[in-house]
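Below, read A as the first sequence line, B as the second, and so on, with proteins coming before strands; counting in each chain starts at 1.
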Number of protein chains: 2
Amino acid sequence: MRLDAATAASVASTLQALATPSRLRILAALREGPMSVGEIVTAVDLEQSAVSHQLRLLRTMGLVESERQGRHVVYSLFDDHLSALIEQAVHHAEHLRVGISDRARGDSPDR
Amino acid sequence: MRLDAATAASVASTLQALATPSRLRILAALREGPMSVGEIVTAVDLEQSAVSHQLRLLRTMGLVESERQGRHVVYSLFDDHLSALIEQAVHHAEHLRVGISDRARGDSPDR
DNA sequence: ACCATACATGTACATATGTTCATGTGTTGA
DNA sequence: TCAACACATGAACATATGTACATGTATGGT
């Protein structure tokens with residue numbers, strides 16, 4: 001499979017959206033169903049500001065949608081393809097982690 | 001699906017390896033089979049130094065393996081799971097690109 | 001009208017990341 | 001042994017990225 005530069009850039013930018021702990025947790029949580037920002041904040045344990053910034057990014061990239069409900073804004077995954085991609089990515093990535101020297105920062109829970 | 005911080009960090013770091021155009025192209029090329037560094041350089045059109053650096057990263061993360069053959073060093077994907085992950089990631093990511101405002105990073109618009 | 005709630009946005013900043021340039025290391029052939 | 005080839009590595013650098021802090025905006029209750 002050879003990817004031309006444009007396709008690679010496009011796909012990479014989408015993958016980039018899944019490639020950070022905070023966004024991955026947000027997206028994984030949203031797989032359970034639509035959630036308000038407040039619920040997401042609780043689910044991922046980040047500052048509200050940080051969550052909003054990441055949601056904005058995900059929204060700009062078309063991975064999530066938002067809808068106002070009263071004072072709340074409810075976010076949801078764009079579609080089932082994304083949900084499937086997340087599930088498989090997590091599944092495969094965890095599988096790949098078997099017996100890895102992993103000196104790359106896959107740790108440090110705090111921050 | 002709720003991911004704890006440690007799992008999210010771990011999976012995210014793996015996904016990060018796929019989330020850059022250069023590495024994605026390298027990995028996609030390697031899906032066709034083992035290749036020497038020189039062949040990879042030709043395939044992805046990057047400087048040899050840049051390719052070596054990325055290969056080193058991929059190797060440290062356990063995504064690729066290398067074997068010396070004469071003056072050449074031949075790289076290959078770690079296993080079929082990775083190959084499958086790449087294929088699906090590309091496939092899904094391209095599908096997600098349909099009708100997206102995609103104001104993020106360099107790519108061609110379709111709207 | 002006022003205020004609390006819920007979320008968004010601007011700014012700043014420390015850190016991470018990818019590439020290039022220069023140089024080092026290992027291997028083959030003459 | 002020497003030269004070229006193939007690749008790795010170190011350093012420097014510009015840029016991208018994620019977060020916190022401060023503040024702005026919209027909604028609902030009283």
Do you know which two heavy atoms are closest between B:Ser66 and B:Arg59, and how far apart they sit? OG-NE, 2.8 Å
Could you give the CZ-to-P distance, from A:Arg59 to C:dC7, as a whole number of Å? 14 Å
Would you give a per-nucleotide map of nucleotides 25-30 of chain D, 5' to 3', where B means the base has a protein non-hydrogen atom under 4.0 Å away, S means only the sugar-phosphate does, and - means neither? --BSS-
Over 12 non-hydrogen atoms of neighbours within 6.0 angstrom of CG in A:Asp80: no
Examine the base of D:dT9 for any acceptor or donor lying under 3.5 Å from a partner atom in the side chain of B:Ser49, and report the outcome as yes or no. yes
Can you find a donor-acceptor pair, distance only, under 3.5 Å between A:Gln48 side chain and C:dA6 base? no
For B:Glu67 and D:dA6, what is the distance between atoms CD and P respectively, to the nearest whole Å? 18 Å
Does A:Gln54 have a side-chain nitrogen or oxygen under 4.0 Å from the phosphate oxygens OP1 or OP2 of D:dT17? no
Supply the atom-to-atom distance B:His92 NE2 to A:Gln88 CD, rounded to the nearest 0.5 angstrom. 5.5 Å
Rounded to whole angstroms, how far apart are CD1 on A:Ile26 and P on C:dC7? 13 Å
Proximal nucleotide (of D:dG18, C:dC7, C:dT20) relative to the B:Ala50 side chain: C:dT20
Distance, rounded to the nearest Å, where A:Arg56 contributes CZ and D:dG24 contributes C1': 14 Å
Side-chain contact check for A:Val73: nearest option of D:dG18, C:dC7, D:dC7 is C:dC7
Spacing between A:Leu58 atom CG and C:dA8 atom C1', to the nearest angstrom: 15 Å
Search all heavy atoms of B:Val11 against all heavy atoms of A:Ala89 and return the closest pair with its distance. CG1-O, 4.3 Å
Are OP1 or OP2 of D:dG18 and a side-chain N or O of A:Thr20 less than 4.0 angstrom apart? yes
Whole angstroms only, please: what is the CG-P distance between B:Leu15 and C:dT17? 14 Å
Using side-chain contact (heavy atoms from CB on, under 4.5 Å), reason through A:Val73 and A:Leu55 one step at a time and then give a plain yes or no. CA-CA 11 Å; A:Val73 176; A:Leu55 284 172; over 6 Å; no
In whole angstroms, the gap separating C1' of C:dT19 from CG of B:Leu57 amounts to 13 Å
To the nearest angstrom, how far is B:Leu55 atom CG from C:dG18 atom P? 13 Å
Flag as yes if A:His53 stacks onto the base of D:dT19 (centroids under 5.5 Å, planes under 30°), otherwise no. no
Residue mapping more 5' on DNA chain D - nearest nucleotide basis, B:Ser36 or A:Ser22: B:Ser36
Examine C:dA8: is either OP1 or OP2 under 4.0 Å from a nitrogen or oxygen in the side chain of A:Tyr75? Give yes or no. yes
So, is A:Ser52 close to the C:dT9 phosphate, meaning a side-chain N or O under 4.0 Å from OP1 or OP2? no
When all nucleic acid strands are considered with a 4.0 Å heavy-atom cut-off, which category describes A:Glu47: base, sugar-phosphate, or nothing? sugar-phosphate
Centroid under 5.5 Å and tilt under 30°, A:His72 to C:dC7: no
In the structure I gave you, are the side-chain heavy atoms of B:Ile40 and B:Leu46 within less than 4.5 Å of one another anywhere? no
Relative to each other, are the rings of B:His81 and A:His95 parallel, tilted or perpendicular (30° and 60° limits)? parallel
Check: B:Gln48/B:Ser52 side-chain N/O donor and acceptor closer than 3.5 Å: yes
